[in-house]
Amino acid sequence: MSWSALVIVGDRNGHVGCGTGKARAIPDAIRKGIEAAKKNIIEVPIVGGTVPHELFEHEGAAEVMLKPASAGTGIVAGSSMRTILELAGVHDVLGKSLGSANATNIAWATMNALKKMKRVEEVAKLRATTVEELTPWAKQQETSNVG
């Protein structure tokens, strides 16, 4: 008989990792999971305490949706998705898991979604344009808030 452990590590400041460990003893499985999670740490783009854009991602039969939320909303997500987002340092987000309720697949789908997130600066660089051209509404909001 052996035990399997899903481990999530993070610094609550934009870095999170996920790993699994398997061993005959629970402490050994957890130790192996921690080592694997530390090797899989990714940087999460956080804009104003939330994710930069909406994204759907799947792993196996589990599908997750992450959506930006306004300040003060909190983390509206369940299962392993909540733990990953908390340890990543996201404060406000709407999350939904669809399909399978397998915690491992939900965790990996959430990690894949966070890997695919892009900041506005990255998108502007990829499109060979400026941030101002991509976000014309930001300038309008600044001028309307001034007067």
Side-chain angles (χ1 to χ4, degrees), residues 1-127 131-132 134-142 144-145:
M1 188 166 80
S2 63
W3 297 92
S4 183
L6 173 66
V7 180
I8 301 160
V9 296
D11 63 356
R12 298 181 192 268
N13 197 20
H15 298 91
V16 69
C18 186
T20 57
K22 189 173 181 181
R24 290 185 182 253
I26 295 173
D28 293 335
I30 293 171
R31 180 184 47 78
K32 286 181 178 181
I34 290 171
E35 290 172 4
K38 286 181 179 178
K39 291 178 184 176
N40 292 326
I41 289 180
I42 62 168
E43 186 175 348
V44 179
I46 299 172
V47 178
T50 189
V51 293
H53 55 86
E54 183 176 340
L55 193 65
F56 284 90
E57 187 61 37
H58 67 87
E59 178 73 27
E63 186 174 0
V64 298
M65 178 205 61
L66 294 175
K67 218 173 170 182
S70 59
T73 303
I75 299 175
V76 181
S79 184
S80 51
M81 191 185 324
R82 173 182 286 275
T83 308
I84 290 173
L85 294 168
E86 284 176 356
L87 291 175
V90 179
H91 299 294
D92 305 301
V93 68
L94 301 172
K96 179 77 177 163
S97 61
L98 308 161
S100 173
N102 184 331
T104 304
N105 284 348
I106 291 172
W108 288 115
T110 304
M111 290 295 291
N112 290 340
L114 293 175
K115 282 181 198 174
K116 290 184 178 181
M117 293 279 176
K118 292 189 181 345
R119 289 188 172 94
V120 177
E121 296 83 16
E122 294 171 13
V123 174
K125 185 177 176 184
L126 288 171
R127 294 183 185 177
V131 174
E132 291 78 21
L134 286 177
T135 57
W137 64 88
K139 191 176 236 184
Q140 292 172 353
Q141 287 178 348
E142 288 176 11
S144 65
N145 289 341

- line: Between Arg24 and Trp3, the two heavy atoms sitting closest are O-CD1, 3.3 Å
- prompt: Looking at side-chain heavy atoms only, is the closest gap between Phe56 and Glu63 below 4.5 Å?
  reply: yes
query: So, Lys96 side chain and Met65 main chain: donor-acceptor pair closer than 3.5 Å or not?
result: no
- prompt: Any side-chain heavy atom of Ser97 sitting closer than 4.5 Å to one from Met81?
  reply: yes
task: Please confirm whether the backbone N or O of Lys22 pairs with a side-chain atom of Ser4, one donor and one acceptor, at under 3.5 Å?
output: no
query: Taking all non-hydrogen atoms of both residues, which atom of Gly60 and which atom of Asn105 are closest, and how far apart?
result: CA-ND2, 4.3 Å
- prompt: Taking C-beta and beyond as the side chain, do Lys67 and Val93 meet within less than 4.5 Å on heavy atoms?
  reply: no
- request: For the pair His53 (side chain) and Lys118 (backbone), establish whether a donor and an acceptor sit closer than 3.5 Å, ignoring hydrogens and angles.
  value: yes
field: Smallest separation among heavy atoms of Leu6 and Ala107, with atom names
entry: CD2-CB, 3.9 Å
- prompt: Side chains of Leu55 and Met117: does their closest heavy-atom pair fall under 4.5 Å?
  reply: yes
- prompt: Donor-acceptor pair, Thr50 side chain versus Asp92 backbone, under 3.5 Å?
  reply: yes
Test: Lys39 and Glu35 ion pair at under 4.0 Å: no
message: With a 4.5 Å cut-off on side-chain heavy atoms, are Ile42 and Leu114 touching?
response: yes
query: Under 3.5 Å, side chain of Thr110 to main-chain N/O of Ile106, donor-acceptor pair present?
result: yes
query: Mind checking what makes side-chain contact (heavy atoms from CB on, under 4.5 Å) contact with Ala25, not counting sequence neighbours?
result: Pro27, Asp28
- prompt: Taking only residues two or more places apart in sequence or in another chain, which ones pass salt bridge (charged side-chain N to carboxylate O under 4.0 Å, His left out) with Glu54?
  reply: none
- prompt: Of the non-hydrogen atoms in Ile8 and Ile84, which two are nearest, and what is the gap between them?
  reply: CD1-CG1, 3.5 Å
task: Indicate the atoms forming the closest heavy-atom contact of Ala29 with Ala23, along with that distance.
output: N-CB, 3.6 Å
Short side-chain to backbone donor-acceptor contact, Arg82 and Ile75, under 3.5 Å: yes
